[in-house]
Protein chains: 2
Amino acid sequence: MVKGKMSKRQQQMITFIRDFLGDNNYPPTIREIGRACQISSTSVVNYNLNKLEDYGLIHRNLRVSRGIQISDTQHSPNLVPIPLVGRIFASKPVPVPDAPSSFAPDEYISLARDLVGDSADLFALEVSGDSMIDAMIGDGDVVVMKRQIEARNGDLAAIWLNDREETTLKHFFLEKGRVRLQPANPTMHPIYEKPENVQVQGKVVLVVRQINKA
Amino acid sequence: MVKGKMSKRQQQMITFIRDFLGDNNYPPTIREIGRACQISSTSVVNYNLNKLEDYGLIHRNLRVSRGIQISDTQHSPNLVPIPLVGRIFASKPVPVPDAPSSFAPDEYISLARDLVGDSADLFALEVSGDSMIDAMIGDGDVVVMKRQIEARNGDLAAIWLNDREETTLKHFFLEKGRVRLQPANPTMHPIYEKPENVQVQGKVVLVVRQINKA
DNA sequence: ATAATAACAGAACAGGTGTTCAGTGTCAAG
DNA sequence: CTTGACACTGAACACCTGTTCTGTTATTAT
């Protein structure tokens with residue numbers, strides 16, 4: 001992960017690589033990129049490719065012709081890449097990413113598009129510990145969330161409790177001046193909070209649990 | 001399309017190309033194919049590649065390095081289609097499909113290959129009811145299972161209990177003549193059964209929970 | 001057996017391709 | 001002004017890669 005924003009050229013290059021890959025199913029060469037982006041020198045293309053790799057947008061296989069892989073997507077229109085931005089603990093607020101595209105996480109999880117839709121505001125968190133057990137979410141589960149400030153009644157949301165200083169995943173209900181937080185596990189009882197004490201950080205859209213990670 | 005069947009070598013080659021493409025997202029060179037398939041001469045690889053193109057299995061871009069495209073109308077190589085064979089109730093045995101390809105389910109769920117691997121023995125079930133709550137699996141969850149008769153210690157398995165005549169999802173442990181079935185929820189206690197009373201129907205490899213099905 | 005065809009081996013060639021290096025200009029900080 | 005970082009140029013090098021050629025071996029038909 002590296003700071004800095006893409007230059008015009010780098011943006012042009014990565015869009016060309018993406019288009020080329022879509023047309024031909026194999027990545028372009030350095031000279032093909034240069035030709036398409038009006039770059040006369042192969043070393044400049046090489047230079048900017050290294051920058052793009054520093055940003056985490058591509059992966060280069062050194063000394064391999066056409067050894068460019070786009071890391072934001074396995075280049076499948078049916079797969080949605082979701083940045084895995086960190087881990088979630090009950091004792092800390094959810095590390096919600098600020099801007100959608102300004103940063104480049106080092107890890108992605110790919111999911112079929114029909115599972116999560118097309119939203120750009122998705123991010124994934126790996127759960128640490130059993131503190132979310134009342135939401136039927138266990139240690140090692142991956143929760144896919146949609147960044148949003150407000151929740152609608154019934155949403156399973158990540159909620160920061162100001163007084164307790166912890167994050168909880170519960171179903172959100174705003175009812176006559178108070179907030180009811182209902183555990184997903186129906187055998188457990190809800191808790192009630194004052195609206196000014198709760199802070200919605202995002203809405204859970206999917207939970208994935210891999211039993212045997214190879 | 002041309003008549004004739006593929007030789008052993010050609011079959012080996014095309015599977016290698018497919019695997020290579022899956023791993024690297026770019027096609028292999030002629031020499032990489034030859035190395036993987038124990039072919040000493042590049043001309044032989046070239047020879048057989050032309051045959052594969054005659055058969056319509058691949059498309060070659062002449063004079064382009066790694067210019068091999070697999071004309072695979074199939075799904076994306078990064079998505080695995082998993083048949084959704086039915087619903088799971090605690091009161092009934094899991095409807096395990098008999099033969100992998102002998103039946104045609106009307107519904108599929110697609111998952112990224114890196115989530116579930118390549119096994120052909122996968123099938124998916126939608127959970128009805130809250131009977132699996134002690135496995136942290138709720139109503140509407142989709143469990144992806146791998147068909148198998150035996151379970152190893154620690155596997156989260158679908159287990160049919162002969163006497164109670166019901167299915168349960170628990171972690172399986174065979175220990176000194178008895179079977180311990182441990183709920184995934186660590187706050188709940190295990191149950192113990194005689195080995196002849198339990199029947200493994202499959203092993204859970206993944207659980208997916210969609211919160212808001214659009 | 002003989003001939004024809006398919007499949008393969010090895011080598012060589014021309015051009016493609018990633019890499020590297022010595023410079024050039026720009027621009028902001030010291 | 002000087003310095004240094006940054007983006008870029010042009011050229012050269014070494015290896016990679018697809019192609020082609022000649023020749024050999026195996027298989028099949030006549």
Q) On DNA chain C, which is the earliest and which the latest nucleotide, 5' to 3', with an atom closer than 4.0 Å to a heavy atom of chain B? A) dA6(C) to dT17(C)
Q: Looking only at non-hydrogen atoms, find the nearest pair between T42(B) and R31(B) and report the distance.
A: CG2-CG, 3.5 Å
(Q) Using the rule side chain to side chain contact (heavy atoms under 4.5 Å, CB included), only one of V44(A), I33(A), D54(A) pairs with L49(A); which is it? (A) I33(A)
Please write out each protein N/O paired with an N/O of nucleotides 13-16 of chain D under 3.5 Å, distance rounded to 0.1 Å.
none

Q: For I68(B) and P28(B), work out which heavy atoms get closest and say how close.
A: CD1-O, 3.9 Å
**Q.** CA sep, side-chain torsions, deciding dist, call: N46(A), R60(A), side-chain hydrogen bond (donor to acceptor under 3.5 Å, both in side chains)
**A.** CA-CA 10 Å; N46(A) 188 59; R60(A) 301 194 67 188; 2.8 Å; yes
Q) More than 12 foreign heavy atoms under 6.0 Å from CZ of R178(A): is that the case here? A) yes
Q | Over all atoms of both residues, closest heavy-atom pair of N162(A) and E196(A) | A | ND2-O, 3.1 Å
Between protein and nucleic acid, restricted to nucleotides 7-10 of chain D and to nitrogen or oxygen atoms under 3.5 Å apart, what atom pairs and distances do you find?
unit_1  : atom_1 : unit_2 : atom_2 : d
dA7(D)  : OP2    : Y47(A) : OH     : 2.5
dA7(D)  : OP2    : K51(A) : NZ     : 2.4
dC8(D)  : OP1    : R9(A)  : NH1    : 3.1
dC8(D)  : OP2    : N48(A) : ND2    : 3.1
dC8(D)  : O5'    : R9(A)  : NH1    : 3.1
dG10(D) : OP2    : S40(A) : OG     : 2.8
dG10(D) : N7     : S41(A) : OG     : 2.8
dG10(D) : O6     : S43(A) : OG     : 2.8

Q: Sequence neighbours left out, what passes side chain to side chain donor-acceptor pair (under 3.5 Å) with N153(B)? Give chain and number order.
A: none
Q) Applying ring pair (Phe, Tyr, Trp, His ring centres under 6.0 Å), which residue pairs with at least one partner in residues 25-48 of chain A are found, sequence neighbours left out? A) F20(A)-Y26(A)
Q: Check whether any side-chain N or O of N46(B) sits under 4.0 Å from OP1 or OP2 of dG18(D), and answer yes or no.
A: no
Q: Nearest whole angstrom, please: distance from the C1' of dT19(D) to the CD1 of I30(B).
A: 8 Å
**Q.** N-O pairing of E193(A) and R164(A) below 4.0 Å
**A.** yes
Q: Applying salt bridge (charged side-chain N to carboxylate O under 4.0 Å, His left out), name anything that partners R180(A), two or more places apart in sequence or on another chain.
A: E175(A)
